[in-house]
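Letters A, B, ... mirror the listed sequences (proteins, then strands); counts begin at 1. Excluded from the calculations below are hydrogen atoms, water molecules and symmetry mates; all remaining heavy atoms, backbone and side chain alike, are included. These figures come from a predicted structure and were not determined experimentally.
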Amino acid sequence: MKKVATRFAPSPTGPLHIGGVRTALFNWLFSKNQNGSFYLRIEDTDKERSKDEYKDQIIKSLIWIGIENDGDEYIQSTKIQNHIKVAKQLLDKGLAYKCYCSNEEIEEQKKRAKQKKIPYIYDRKWRDKNETDAPKDVKPTIRFKSKIEGTSILKDLVQGKVEIQNNTIEDFIILRNDESPTYNLSASVDDHDMNITHIIRGDDHKINTFKQMQIYQAMNWEVPNFAHIPLIHTSEGKKLSKRDKASTLDDYSKIGILPEALRNYLLRLGWSYKDKEIFSKEESIKYFNFEGIGKSPSKLDFNRILSINEHYIKNIDENDLFSKFQKYAQTYKYKISEDKTNQLKQSLGFLKNKAKTLEDIFKNSQYLLNDTVKINQDDLKLIDEKSKKIIKEFIEKILNLNNFDRSELEPIVKSLISKFDTNFKGVGQPLRIVLTGSRFGPGIYDILTSLGKVQVVERLKNI
RNA sequence: GGUCCCUUCGUCUAUCGGUUAGGACACAUGGUUUUCAUCCAUGAAAGAGGGGUUCGAUUCCCCUAGGGACCGCCA
(Lines give C-alpha, C1' and ligand atoms only; values in the text may rest on other atoms or scores of the structure.)
Protein backbone atom coordinates (compact mmCIF):
# COMPACT_ATOMS: atom_id res chain seq x y z
CA MET A 1 0.00 0.00 0.00
CA LYS A 2 1.19 3.41 -0.98
CA LYS A 3 1.44 5.96 1.76
CA VAL A 4 -1.54 8.28 1.68
CA ALA A 5 -0.76 11.79 0.52
CA THR A 6 -3.20 14.64 0.07
CA ARG A 7 -2.74 18.21 -0.96
CA PHE A 8 -4.52 21.50 -0.86
CA ALA A 9 -3.77 23.54 -3.97
CA PRO A 10 -5.10 27.08 -3.86
CA SER A 11 -4.15 29.79 -6.29
CA PRO A 12 -2.98 32.97 -4.58
CA THR A 13 -5.22 35.22 -6.62
CA GLY A 14 -7.38 36.33 -3.74
CA PRO A 15 -7.84 35.80 -0.04
CA LEU A 16 -8.58 32.25 1.03
CA HIS A 17 -12.22 31.91 2.02
CA ILE A 18 -13.73 29.42 4.40
CA GLY A 19 -14.83 27.10 1.63
CA GLY A 20 -11.20 26.65 0.73
CA VAL A 21 -10.31 26.25 4.36
CA ARG A 22 -12.82 23.45 4.66
CA THR A 23 -11.32 21.72 1.64
CA ALA A 24 -7.90 22.05 3.23
CA LEU A 25 -9.29 20.72 6.49
CA PHE A 26 -10.80 17.64 4.87
CA ASN A 27 -7.55 16.91 3.06
CA TRP A 28 -5.55 17.34 6.20
CA LEU A 29 -7.93 15.29 8.30
CA PHE A 30 -8.00 12.40 5.86
CA SER A 31 -4.24 12.28 5.54
CA LYS A 32 -3.79 12.31 9.30
CA ASN A 33 -6.49 9.71 9.73
CA GLN A 34 -4.49 7.49 7.39
CA ASN A 35 -1.13 8.38 8.92
CA GLY A 36 -0.28 10.05 5.65
CA SER A 37 1.07 13.38 4.54
CA PHE A 38 -0.63 16.61 3.73
CA TYR A 39 0.96 19.10 1.36
CA LEU A 40 0.27 22.68 0.49
CA ARG A 41 0.73 23.56 -3.14
CA ILE A 42 0.59 27.16 -4.23
CA GLU A 43 -0.69 27.33 -7.80
CA ASP A 44 0.82 30.64 -8.75
CA THR A 45 1.21 30.17 -12.46
CA ASP A 46 -1.17 32.99 -13.33
CA LYS A 47 1.45 35.71 -13.15
CA GLU A 48 -1.04 38.49 -13.69
CA ARG A 49 -3.26 37.67 -10.78
CA SER A 50 -1.06 35.85 -8.29
CA LYS A 51 0.16 37.96 -5.41
CA ASP A 52 2.56 37.23 -2.59
CA GLU A 53 0.27 38.88 -0.10
CA TYR A 54 -2.41 36.30 -0.90
CA LYS A 55 0.06 33.49 -0.60
CA ASP A 56 1.02 34.76 2.83
CA GLN A 57 -2.62 35.13 3.79
CA ILE A 58 -3.31 31.53 2.78
CA ILE A 59 -0.39 30.22 4.81
CA LYS A 60 -1.31 32.33 7.80
CA SER A 61 -4.94 31.26 7.66
CA LEU A 62 -4.06 27.59 7.69
CA ILE A 63 -1.70 28.06 10.60
CA TRP A 64 -4.35 30.00 12.49
CA ILE A 65 -6.90 27.23 12.23
CA GLY A 66 -4.35 24.57 13.06
CA ILE A 67 -3.71 22.90 9.73
CA GLU A 68 -0.05 22.13 9.23
CA ASN A 69 1.41 21.04 5.96
CA ASP A 70 4.14 18.45 5.84
CA GLY A 71 7.29 19.69 4.20
CA ASP A 72 7.72 23.03 2.52
CA GLU A 73 5.10 24.66 0.40
CA TYR A 74 5.25 23.38 -3.14
CA ILE A 75 5.42 26.38 -5.40
CA GLN A 76 3.96 25.44 -8.73
CA SER A 77 5.63 28.18 -10.74
CA THR A 78 9.02 26.64 -9.98
CA LYS A 79 7.98 23.40 -11.64
CA ILE A 80 6.86 24.71 -14.98
CA GLN A 81 9.72 23.03 -16.82
CA ASN A 82 8.40 19.65 -15.68
CA HIS A 83 5.01 20.45 -17.09
CA ILE A 84 6.45 21.54 -20.41
CA LYS A 85 8.51 18.37 -20.56
CA VAL A 86 5.41 16.25 -20.17
CA ALA A 87 3.62 18.22 -22.84
CA LYS A 88 6.50 17.54 -25.22
CA GLN A 89 6.44 13.85 -24.34
CA LEU A 90 2.76 13.72 -25.10
CA LEU A 91 3.46 15.42 -28.37
CA ASP A 92 6.21 12.92 -29.21
CA LYS A 93 3.94 10.02 -28.39
CA GLY A 94 1.32 11.40 -30.71
CA LEU A 95 -1.10 11.90 -27.83
CA ALA A 96 -1.10 15.64 -28.26
CA TYR A 97 -0.80 17.89 -31.25
CA LYS A 98 0.00 21.39 -32.34
CA CYS A 99 -2.98 23.56 -33.06
CA TYR A 100 -2.43 26.52 -35.35
CA CYS A 101 -5.83 28.09 -34.91
CA SER A 102 -5.59 31.75 -34.18
CA ASN A 103 -7.36 33.32 -31.27
CA GLU A 104 -9.70 35.06 -33.67
CA GLU A 105 -10.58 31.81 -35.35
CA ILE A 106 -11.54 30.21 -32.05
CA GLU A 107 -13.53 33.22 -30.97
CA GLU A 108 -15.40 33.13 -34.22
CA GLN A 109 -16.30 29.48 -33.71
CA LYS A 110 -17.51 30.14 -30.21
CA LYS A 111 -19.66 32.98 -31.41
CA ARG A 112 -21.23 30.87 -34.09
CA ALA A 113 -21.93 28.07 -31.66
CA LYS A 114 -23.64 30.50 -29.36
CA GLN A 115 -25.81 31.84 -32.15
CA LYS A 116 -26.86 28.36 -33.15
CA LYS A 117 -27.38 27.55 -29.46
CA ILE A 118 -25.23 24.49 -29.71
CA PRO A 119 -22.49 23.77 -27.18
CA TYR A 120 -19.09 24.94 -28.34
CA ILE A 121 -16.41 22.36 -28.55
CA TYR A 122 -13.14 22.79 -30.41
CA ASP A 123 -13.55 21.16 -33.80
CA ARG A 124 -10.25 19.24 -33.64
CA LYS A 125 -9.21 20.91 -36.86
CA TRP A 126 -5.49 20.23 -36.40
CA ARG A 127 -5.81 16.89 -34.72
CA ASP A 128 -4.91 14.96 -37.85
CA LYS A 129 -3.74 17.72 -40.09
CA ASN A 130 -0.27 17.72 -41.53
CA GLU A 131 2.06 20.23 -39.96
CA THR A 132 3.35 21.30 -43.32
CA ASP A 133 0.03 23.06 -43.79
CA ALA A 134 0.76 25.23 -40.78
CA PRO A 135 0.56 28.97 -41.24
CA LYS A 136 3.91 30.63 -40.62
CA ASP A 137 2.57 33.60 -38.66
CA VAL A 138 0.68 31.65 -35.99
CA LYS A 139 2.39 30.28 -32.91
CA PRO A 140 0.77 26.96 -32.11
CA THR A 141 -0.79 25.81 -28.89
CA ILE A 142 -0.53 22.20 -27.90
CA ARG A 143 -3.77 20.35 -27.45
CA PHE A 144 -4.36 17.02 -25.79
CA LYS A 145 -5.92 14.32 -27.94
CA SER A 146 -8.98 13.52 -25.91
CA LYS A 147 -10.94 10.36 -26.39
CA ILE A 148 -13.73 10.70 -28.90
CA GLU A 149 -15.51 7.40 -28.56
CA GLY A 150 -17.10 5.77 -25.57
CA THR A 151 -17.63 6.89 -22.03
CA SER A 152 -15.46 7.48 -19.00
CA ILE A 153 -16.29 6.60 -15.45
CA LEU A 154 -15.05 8.43 -12.40
CA LYS A 155 -15.32 6.41 -9.23
CA ASP A 156 -15.61 9.28 -6.84
CA LEU A 157 -15.18 8.66 -3.15
CA VAL A 158 -17.98 11.06 -2.35
CA GLN A 159 -20.15 11.25 -5.45
CA GLY A 160 -20.07 7.59 -6.38
CA LYS A 161 -19.91 6.60 -10.03
CA VAL A 162 -20.02 9.50 -12.45
CA GLU A 163 -20.19 8.63 -16.12
CA ILE A 164 -19.85 10.95 -19.10
CA GLN A 165 -19.58 10.68 -22.84
CA ASN A 166 -16.00 11.18 -23.89
CA ASN A 167 -16.98 13.38 -26.80
CA THR A 168 -18.11 16.07 -24.39
CA ILE A 169 -14.49 16.58 -23.41
CA GLU A 170 -12.76 18.67 -26.03
CA ASP A 171 -9.15 18.57 -27.12
CA PHE A 172 -8.09 20.97 -24.40
CA ILE A 173 -4.97 23.08 -24.54
CA ILE A 174 -2.11 21.86 -22.39
CA LEU A 175 0.53 24.33 -23.57
CA ARG A 176 -0.27 27.90 -24.55
CA ASN A 177 1.28 29.53 -27.56
CA ASP A 178 3.80 31.17 -25.24
CA GLU A 179 4.84 27.67 -24.12
CA SER A 180 3.33 28.02 -20.67
CA PRO A 181 1.38 25.03 -19.32
CA THR A 182 -2.30 25.23 -18.47
CA TYR A 183 -4.02 24.17 -15.29
CA ASN A 184 -5.06 20.63 -16.14
CA LEU A 185 -1.56 19.73 -17.27
CA SER A 186 0.24 21.38 -14.38
CA ALA A 187 -2.09 19.96 -11.76
CA SER A 188 -1.80 16.44 -13.12
CA VAL A 189 1.97 16.54 -13.41
CA ASP A 190 2.39 17.99 -9.94
CA ASP A 191 -0.02 15.57 -8.33
CA HIS A 192 1.90 12.74 -9.93
CA ASP A 193 5.29 14.13 -8.97
CA MET A 194 4.13 14.71 -5.42
CA ASN A 195 2.80 11.15 -5.18
CA ILE A 196 -0.63 12.37 -4.26
CA THR A 197 -2.92 9.43 -3.61
CA HIS A 198 -6.16 11.21 -2.83
CA ILE A 199 -7.37 14.41 -4.41
CA ILE A 200 -10.04 16.00 -2.28
CA ARG A 201 -11.43 19.20 -3.76
CA GLY A 202 -14.59 21.15 -4.46
CA ASP A 203 -16.96 19.59 -6.93
CA ASP A 204 -16.50 22.54 -9.26
CA HIS A 205 -13.47 20.52 -10.41
CA LYS A 206 -15.43 17.45 -11.33
CA ILE A 207 -15.33 17.95 -15.10
CA ASN A 208 -11.60 18.73 -14.96
CA THR A 209 -11.12 15.32 -13.46
CA PHE A 210 -12.05 13.65 -16.72
CA LYS A 211 -9.36 15.65 -18.49
CA GLN A 212 -6.80 14.92 -15.82
CA MET A 213 -7.57 11.23 -15.78
CA GLN A 214 -6.84 11.11 -19.49
CA ILE A 215 -3.47 12.75 -18.96
CA TYR A 216 -2.60 10.16 -16.32
CA GLN A 217 -3.60 7.37 -18.63
CA ALA A 218 -1.70 8.81 -21.56
CA MET A 219 1.44 9.00 -19.43
CA ASN A 220 0.86 5.54 -17.97
CA TRP A 221 0.67 6.99 -14.50
CA GLU A 222 -1.35 5.52 -11.71
CA VAL A 223 -4.60 7.46 -11.45
CA PRO A 224 -5.15 8.81 -7.93
CA ASN A 225 -8.39 8.62 -5.99
CA PHE A 226 -10.77 11.53 -6.25
CA ALA A 227 -13.26 12.92 -3.76
CA HIS A 228 -15.33 15.88 -4.87
CA ILE A 229 -17.01 17.59 -2.00
CA PRO A 230 -20.09 19.78 -2.45
CA LEU A 231 -19.50 23.49 -2.33
CA ILE A 232 -20.45 25.79 0.47
CA HIS A 233 -23.19 28.20 -0.46
CA THR A 234 -23.96 31.66 0.77
CA SER A 235 -27.28 32.24 2.49
CA GLU A 236 -28.55 33.14 -0.98
CA GLY A 237 -27.65 29.67 -2.20
CA LYS A 238 -24.80 30.61 -4.52
CA LYS A 239 -21.25 29.37 -4.63
CA LEU A 240 -19.18 31.11 -2.01
CA SER A 241 -16.71 33.48 -3.58
CA LYS A 242 -13.78 35.51 -2.45
CA ARG A 243 -15.83 38.64 -2.72
CA ASP A 244 -18.44 37.54 -0.21
CA LYS A 245 -18.49 39.27 3.13
CA ALA A 246 -17.42 37.37 6.20
CA SER A 247 -15.72 34.75 4.14
CA THR A 248 -12.08 34.96 5.15
CA LEU A 249 -10.72 33.67 8.42
CA ASP A 250 -9.66 37.14 9.41
CA ASP A 251 -13.30 38.24 9.26
CA TYR A 252 -14.01 35.69 11.96
CA SER A 253 -10.84 36.22 13.90
CA LYS A 254 -11.49 39.90 14.34
CA ILE A 255 -14.90 39.41 15.93
CA GLY A 256 -13.36 36.96 18.36
CA ILE A 257 -14.16 33.57 16.90
CA LEU A 258 -11.77 30.93 18.19
CA PRO A 259 -9.88 28.87 15.60
CA GLU A 260 -10.91 25.61 17.24
CA ALA A 261 -14.55 26.67 17.09
CA LEU A 262 -14.40 27.55 13.42
CA ARG A 263 -12.53 24.34 12.71
CA ASN A 264 -15.27 22.41 14.48
CA TYR A 265 -17.97 24.27 12.59
CA LEU A 266 -16.33 23.70 9.22
CA LEU A 267 -15.85 20.05 10.01
CA ARG A 268 -19.54 19.57 10.62
CA LEU A 269 -20.53 21.57 7.55
CA GLY A 270 -21.07 18.85 5.01
CA TRP A 271 -19.74 16.07 7.19
CA SER A 272 -21.19 14.24 10.15
CA TYR A 273 -20.49 11.43 12.52
CA LYS A 274 -23.70 10.16 14.10
CA ASP A 275 -25.16 12.85 16.34
CA LYS A 276 -21.86 14.17 17.54
CA GLU A 277 -21.45 17.93 17.35
CA ILE A 278 -18.28 18.79 19.23
CA PHE A 279 -15.01 17.28 18.06
CA SER A 280 -11.59 17.87 19.51
CA LYS A 281 -8.77 17.95 17.01
CA GLU A 282 -7.84 14.39 17.93
CA GLU A 283 -11.41 13.18 17.63
CA SER A 284 -11.84 14.78 14.25
CA ILE A 285 -8.77 12.98 12.97
CA LYS A 286 -9.94 9.74 14.47
CA TYR A 287 -13.46 9.83 13.06
CA PHE A 288 -13.03 11.56 9.72
CA ASN A 289 -14.08 9.51 6.73
CA PHE A 290 -15.60 9.89 3.28
CA GLU A 291 -18.82 8.11 4.21
CA GLY A 292 -19.76 11.00 6.43
CA ILE A 293 -19.53 13.57 3.67
CA GLY A 294 -22.91 14.63 2.32
CA LYS A 295 -23.67 15.12 -1.35
CA SER A 296 -25.62 18.32 -1.24
CA PRO A 297 -24.22 21.81 -0.84
CA SER A 298 -24.57 23.45 2.54
CA LYS A 299 -25.25 26.99 3.57
CA LEU A 300 -23.31 29.01 6.07
CA ASP A 301 -25.09 29.61 9.36
CA PHE A 302 -23.56 32.34 11.43
CA ASN A 303 -25.67 31.53 14.50
CA ARG A 304 -24.22 28.09 14.52
CA ILE A 305 -20.70 29.46 14.38
CA LEU A 306 -21.47 31.70 17.34
CA SER A 307 -22.99 28.88 19.28
CA ILE A 308 -20.01 26.58 18.78
CA ASN A 309 -17.70 29.45 19.63
CA GLU A 310 -19.63 30.00 22.84
CA HIS A 311 -19.15 26.38 23.70
CA TYR A 312 -15.40 26.62 23.23
CA ILE A 313 -15.13 29.87 25.15
CA LYS A 314 -16.82 28.26 28.11
CA ASN A 315 -14.99 24.98 27.95
CA ILE A 316 -11.39 25.48 26.98
CA ASP A 317 -8.71 25.88 29.61
CA GLU A 318 -9.01 29.28 31.24
CA ASN A 319 -5.34 30.17 31.00
CA ASP A 320 -5.47 29.28 27.35
CA LEU A 321 -8.55 31.42 26.90
CA PHE A 322 -6.88 34.29 28.63
CA SER A 323 -3.84 34.26 26.44
CA LYS A 324 -6.06 34.05 23.38
CA PHE A 325 -7.98 37.02 24.67
CA GLN A 326 -4.84 38.99 25.34
CA LYS A 327 -3.65 38.36 21.83
CA TYR A 328 -7.04 39.25 20.45
CA ALA A 329 -7.20 42.55 22.28
CA GLN A 330 -3.71 43.44 21.23
CA THR A 331 -4.34 42.63 17.60
CA TYR A 332 -7.75 44.16 17.09
CA LYS A 333 -8.38 46.54 20.00
CA TYR A 334 -5.55 47.68 22.22
CA LYS A 335 -2.93 46.09 24.39
CA ILE A 336 -4.08 45.35 27.89
CA SER A 337 -1.84 47.12 30.34
CA GLU A 338 0.29 45.26 32.80
CA ASP A 339 -1.62 46.43 35.87
CA LYS A 340 -4.99 45.37 34.45
CA THR A 341 -3.82 41.95 33.39
CA ASN A 342 -4.13 40.30 36.74
CA GLN A 343 -7.46 41.89 37.51
CA LEU A 344 -8.82 40.72 34.21
CA LYS A 345 -7.45 37.24 34.57
CA GLN A 346 -9.27 36.77 37.83
CA SER A 347 -12.49 38.03 36.30
CA LEU A 348 -12.41 35.81 33.26
CA GLY A 349 -14.45 33.14 34.99
CA PHE A 350 -17.57 35.25 35.11
CA LEU A 351 -16.83 37.31 32.02
CA LYS A 352 -16.67 34.28 29.78
CA ASN A 353 -20.02 33.04 30.97
CA LYS A 354 -21.66 36.00 29.37
CA ALA A 355 -19.79 35.81 26.10
CA LYS A 356 -20.22 34.19 22.73
CA THR A 357 -17.05 35.74 21.32
CA LEU A 358 -13.79 37.25 22.49
CA GLU A 359 -15.24 40.56 21.44
CA ASP A 360 -18.06 40.05 23.95
CA ILE A 361 -15.49 39.49 26.67
CA PHE A 362 -13.78 42.65 25.59
CA LYS A 363 -16.99 44.65 25.73
CA ASN A 364 -18.00 43.26 29.08
CA SER A 365 -14.62 44.02 30.58
CA GLN A 366 -14.56 47.66 29.58
CA TYR A 367 -15.44 48.75 33.11
CA LEU A 368 -12.26 47.03 34.29
CA LEU A 369 -10.03 48.15 31.48
CA ASN A 370 -10.93 51.83 31.64
CA ASP A 371 -10.22 53.92 34.71
CA THR A 372 -13.04 56.32 34.09
CA VAL A 373 -16.64 55.47 33.39
CA LYS A 374 -18.89 57.32 31.01
CA ILE A 375 -22.54 57.30 31.93
CA ASN A 376 -25.05 58.24 29.28
CA GLN A 377 -27.88 60.66 29.99
CA ASP A 378 -30.65 58.09 30.12
CA ASP A 379 -28.83 55.99 32.65
CA LEU A 380 -27.90 59.05 34.65
CA LYS A 381 -31.58 59.86 35.05
CA LEU A 382 -32.03 56.57 36.85
CA ILE A 383 -29.76 57.81 39.63
CA ASP A 384 -32.23 59.82 41.69
CA GLU A 385 -31.74 61.42 45.12
CA LYS A 386 -32.65 58.23 46.91
CA SER A 387 -30.11 56.29 44.88
CA LYS A 388 -27.46 58.82 45.77
CA LYS A 389 -28.22 58.42 49.44
CA ILE A 390 -27.96 54.65 49.08
CA ILE A 391 -24.63 54.99 47.34
CA LYS A 392 -23.33 57.37 49.99
CA GLU A 393 -24.27 55.00 52.75
CA PHE A 394 -22.84 52.07 50.82
CA ILE A 395 -19.49 53.84 50.62
CA GLU A 396 -19.45 54.44 54.37
CA LYS A 397 -20.24 50.83 55.10
CA ILE A 398 -17.61 49.31 52.87
CA LEU A 399 -14.81 51.57 54.02
CA ASN A 400 -13.95 49.43 56.99
CA LEU A 401 -14.26 46.08 55.24
CA ASN A 402 -11.13 43.97 55.22
CA ASN A 403 -11.71 41.24 52.66
CA PHE A 404 -14.12 42.96 50.35
CA ASP A 405 -15.60 39.68 49.20
CA ARG A 406 -19.10 38.55 48.55
CA SER A 407 -19.68 37.30 52.08
CA GLU A 408 -18.89 40.73 53.44
CA LEU A 409 -20.76 42.68 50.79
CA GLU A 410 -23.97 40.71 50.74
CA PRO A 411 -25.10 41.67 54.29
CA ILE A 412 -24.46 45.31 53.48
CA VAL A 413 -26.57 45.25 50.36
CA LYS A 414 -29.31 43.45 52.27
CA SER A 415 -29.31 45.94 55.07
CA LEU A 416 -29.57 48.81 52.61
CA ILE A 417 -32.51 47.12 50.89
CA SER A 418 -34.47 46.99 54.13
CA LYS A 419 -33.35 50.37 55.42
CA PHE A 420 -34.43 52.18 52.26
CA ASP A 421 -37.46 49.98 51.80
CA THR A 422 -36.50 48.93 48.29
CA ASN A 423 -35.64 45.77 46.39
CA PHE A 424 -32.39 44.46 45.05
CA LYS A 425 -32.76 46.45 41.91
CA GLY A 426 -33.02 49.63 43.94
CA VAL A 427 -29.51 49.06 45.27
CA GLY A 428 -27.93 47.03 42.51
CA GLN A 429 -28.88 49.17 39.56
CA PRO A 430 -27.45 52.49 40.75
CA LEU A 431 -24.26 50.76 41.82
CA ARG A 432 -23.94 49.04 38.48
CA ILE A 433 -24.55 52.21 36.51
CA VAL A 434 -22.05 54.25 38.43
CA LEU A 435 -19.41 51.54 38.49
CA THR A 436 -19.70 50.36 34.91
CA GLY A 437 -21.63 52.94 32.97
CA SER A 438 -24.15 50.37 31.91
CA ARG A 439 -27.37 48.84 33.12
CA PHE A 440 -26.23 45.46 31.84
CA GLY A 441 -23.23 43.36 32.63
CA PRO A 442 -21.82 40.95 35.15
CA GLY A 443 -23.40 40.33 38.54
CA ILE A 444 -23.01 43.18 40.98
CA TYR A 445 -20.86 41.21 43.42
CA ASP A 446 -18.59 40.21 40.57
CA ILE A 447 -18.28 43.84 39.57
CA LEU A 448 -17.53 44.96 43.12
CA THR A 449 -14.95 42.32 43.93
CA SER A 450 -13.25 42.48 40.55
CA LEU A 451 -12.84 46.24 40.86
CA GLY A 452 -11.63 46.12 44.43
CA LYS A 453 -12.43 48.45 47.28
CA VAL A 454 -10.20 51.32 46.24
CA GLN A 455 -11.59 51.62 42.74
CA VAL A 456 -15.16 51.09 43.90
CA VAL A 457 -14.94 53.92 46.38
CA GLU A 458 -13.17 56.08 43.87
CA ARG A 459 -15.92 55.67 41.31
CA LEU A 460 -18.82 55.89 43.71
CA LYS A 461 -17.78 59.04 45.49
CA ASN A 462 -17.87 61.02 42.26
CA ILE A 463 -21.59 60.80 42.00
C1' G B 1 -28.38 25.92 -24.41
C1' G B 2 -25.15 21.28 -23.36
C1' U B 3 -22.91 18.00 -19.60
C1' C B 4 -22.83 16.55 -14.61
C1' C B 5 -24.54 16.80 -9.51
C1' C B 6 -28.06 17.63 -5.62
C1' U B 7 -33.25 17.71 -2.88
C1' U B 8 -35.28 15.17 5.36
C1' C B 9 -37.65 20.81 10.26
C1' G B 10 -35.70 28.07 8.71
C1' U B 11 -30.18 26.10 9.00
C1' C B 12 -26.42 21.89 9.76
C1' U B 13 -27.65 16.95 9.84
C1' A B 14 -29.14 11.29 11.76
C1' U B 15 -31.74 7.27 9.40
C1' C B 16 -28.10 2.77 5.34
C1' G B 17 -36.75 -1.05 3.61
C1' G B 18 -40.34 -1.62 9.09
C1' U B 19 -38.67 4.63 13.87
C1' U B 20 -44.26 8.25 17.58
C1' A B 21 -38.58 10.40 11.36
C1' G B 22 -33.70 11.54 16.13
C1' G B 23 -30.03 15.45 17.49
C1' A B 24 -27.88 20.43 17.24
C1' C B 25 -28.41 25.83 16.10
C1' A B 26 -32.11 29.42 15.64
C1' C B 27 -37.26 30.36 17.33
C1' A B 28 -41.48 30.32 21.18
C1' U B 29 -43.12 29.53 26.26
C1' G B 30 -42.06 28.68 31.38
C1' G B 31 -38.53 28.25 35.53
C1' U B 32 -33.75 29.76 38.07
C1' U B 33 -31.35 34.70 38.34
C1' U B 34 -30.51 41.84 41.14
C1' U B 35 -29.89 43.50 35.12
C1' C B 36 -28.21 41.29 30.44
C1' A B 37 -26.75 36.56 29.76
C1' U B 38 -25.90 31.57 31.34
C1' C B 39 -28.43 27.26 32.93
C1' C B 40 -32.84 23.96 33.08
C1' A B 41 -37.63 22.35 31.21
C1' U B 42 -41.31 22.34 27.51
C1' G B 43 -43.10 23.39 22.61
C1' A B 44 -43.68 24.42 17.39
C1' A B 45 -41.02 22.80 13.05
C1' A B 46 -39.15 18.24 7.74
C1' G B 47 -38.94 13.52 3.85
C1' A B 48 -40.32 18.81 -3.38
C1' G B 49 -44.41 16.46 -6.53
C1' G B 50 -46.01 12.15 -9.34
C1' G B 51 -45.45 7.21 -10.77
C1' G B 52 -43.49 2.39 -9.98
C1' U B 53 -40.71 -2.10 -7.18
C1' U B 54 -42.18 -4.28 -2.39
C1' C B 55 -46.25 -7.27 2.49
C1' G B 56 -44.03 -2.40 3.67
C1' A B 57 -40.85 3.09 1.28
C1' U B 58 -37.68 9.10 3.59
C1' U B 59 -34.63 4.91 2.20
C1' C B 60 -34.38 1.31 -4.37
C1' C B 61 -35.89 2.76 -9.81
C1' C B 62 -38.20 6.30 -13.37
C1' C B 63 -40.39 11.05 -14.61
C1' U B 64 -41.40 16.16 -13.39
C1' A B 65 -40.19 20.47 -10.69
C1' G B 66 -36.65 23.32 -8.11
C1' G B 67 -31.55 24.35 -6.91
C1' G B 68 -26.31 24.10 -8.01
C1' A B 69 -21.52 23.36 -10.62
C1' C B 70 -18.88 23.32 -15.10
C1' C B 71 -18.72 24.65 -20.28
C1' G B 72 -11.16 29.99 -20.62
C1' C B 73 -4.61 30.01 -24.22
C1' C B 74 -8.01 31.31 -15.01
C1' A B 75 -6.89 28.01 -11.41
TODO: Please name all residues satisfying salt bridge (charged side-chain N to carboxylate O under 4.0 Å, His left out) with A:Asp378, sequence neighbours left out, ordered by chain then number.
DONE: A:Lys381
- [ ] Applying ring-ring contact (aromatic ring centres under 6.0 Å, His included), name anything that partners A:Tyr328, two or more places apart in sequence or on another chain.
- [x] A:Tyr332
Restricting to nitrogen or oxygen on both sides, can you table the protein-nucleotides 58-66 of chain B pairs closer than 3.5 Å?
none

Open item on the list: I want to check one thing: is the phosphate of B:rA14, taken as OP1 and OP2, less than 4.0 Å away from some side-chain N or O of A:Ser272?
Closed with: yes
Open item on the list: Taking only side-chain N and O atoms of A:Lys239, does any of them lie within less than 4.0 angstrom of OP1 or OP2 on B:rC70?
Closed with: yes
TODO: Give a yes/no answer on whether the side chain of A:Thr182 brings an N or O atom under 4.0 Å of OP1 or OP2 in B:rA75.
DONE: no
Task: Phosphate-side-chain proximity, A:Lys110 and B:rC73, N/O vs OP1/OP2 below 4.0 Å - done: yes
Open item on the list: Applying ring-ring contact (aromatic ring centres under 6.0 Å, His included), can you list everything that pairs with A:Phe210, at least two apart in sequence or on another chain?
Closed with: none
Task: Spacing between A:Lys354 atom NZ and B:rC39 atom P, to the nearest angstrom - done: 12 Å
Task: Under the salt bridge (charged side-chain N to carboxylate O under 4.0 Å, His left out) test, residues paired with A:Lys389 that sit two or more places apart - done: none
Task: Distance under 6.0 Å and angle within 45° of ring axis: A:Lys276 vs A:Phe279 - done: yes
What pairs of nitrogen or oxygen atoms, one from the protein and one from nucleotides 2-9 of chain B, lie under 3.5 Å apart?
unit_1: B:rC5; atom_1: O4'; unit_2: A:Lys206; atom_2: NZ; d: 3.1
unit_1: B:rC5; atom_1: O2'; unit_2: A:Gln159; atom_2: OE1; d: 3.3
unit_1: B:rC6; atom_1: OP1; unit_2: A:Lys295; atom_2: NZ; d: 3.1

Task: Counterpart residues, side-chain contact (heavy atoms from CB on, under 4.5 Å), relative to A:Ser272 (two or more places apart) - done: A:Arg268
TODO: Take atom CD1 of A:Ile447 and atom C1' of B:rA37, then tell me their distance rounded to the nearest Å.
DONE: 13 Å
TODO: Nearest whole angstrom, please: distance from the P of B:rU13 to the CD1 of A:Ile232.
DONE: 10 Å
Would you list the atom pairs, donor with acceptor, under 3.5 Å between side chains in residues 49-58 of chain A and any protein atom, with sequence neighbours excluded?
unit_1: A:Arg49; atom_1: NE; unit_2: A:Asp46; atom_2: OD2; d: 3.1
unit_1: A:Ser50; atom_1: OG; unit_2: A:Asp46; atom_2: O; d: 2.9
unit_1: A:Gln57; atom_1: OE1; unit_2: A:Leu16; atom_2: N; d: 2.8

Can I get a per-line list of side-chain donor-acceptor pairs under 3.5 Å for residues 291-305 of chain A, giving both atom names and the distance, sequence neighbours left out?
unit_1: A:Glu291; atom_1: OE1; unit_2: A:Asn289; atom_2: ND2; d: 3.4
unit_1: A:Lys295; atom_1: NZ; unit_2: A:Gln159; atom_2: O; d: 3.4
unit_1: A:Asp301; atom_1: OD1; unit_2: A:Asn303; atom_2: N; d: 3.2

Less than 3.5 Å apart, which donor and acceptor atoms pair up between the side chains of residues 212-219 of chain A and the rest of the protein, not counting sequence neighbours?
unit_1: A:Gln212; atom_1: OE1; unit_2: A:Arg201; atom_2: NH2; d: 3.3
unit_1: A:Gln214; atom_1: OE1; unit_2: A:Lys147; atom_2: N; d: 3.0
unit_1: A:Gln217; atom_1: OE1; unit_2: A:Lys147; atom_2: NZ; d: 3.1

TODO: Could you state the atom-to-atom distance from CG of A:Asp204 to P of B:rC71 in whole Å?
DONE: 9 Å
Task: Per-nucleotide protein contact string for nucleotides 21-31 of chain B, where B marks a base within reach and S marks sugar-phosphate only (heavy atoms under 4.0 Å, - for neither) - done: -BBBSS-----
TODO: Would you list the pairs meeting salt bridge (charged side-chain N to carboxylate O under 4.0 Å, His left out) in which at least one residue belongs to residues 148-166 of chain A, sequence neighbours left out?
DONE: none
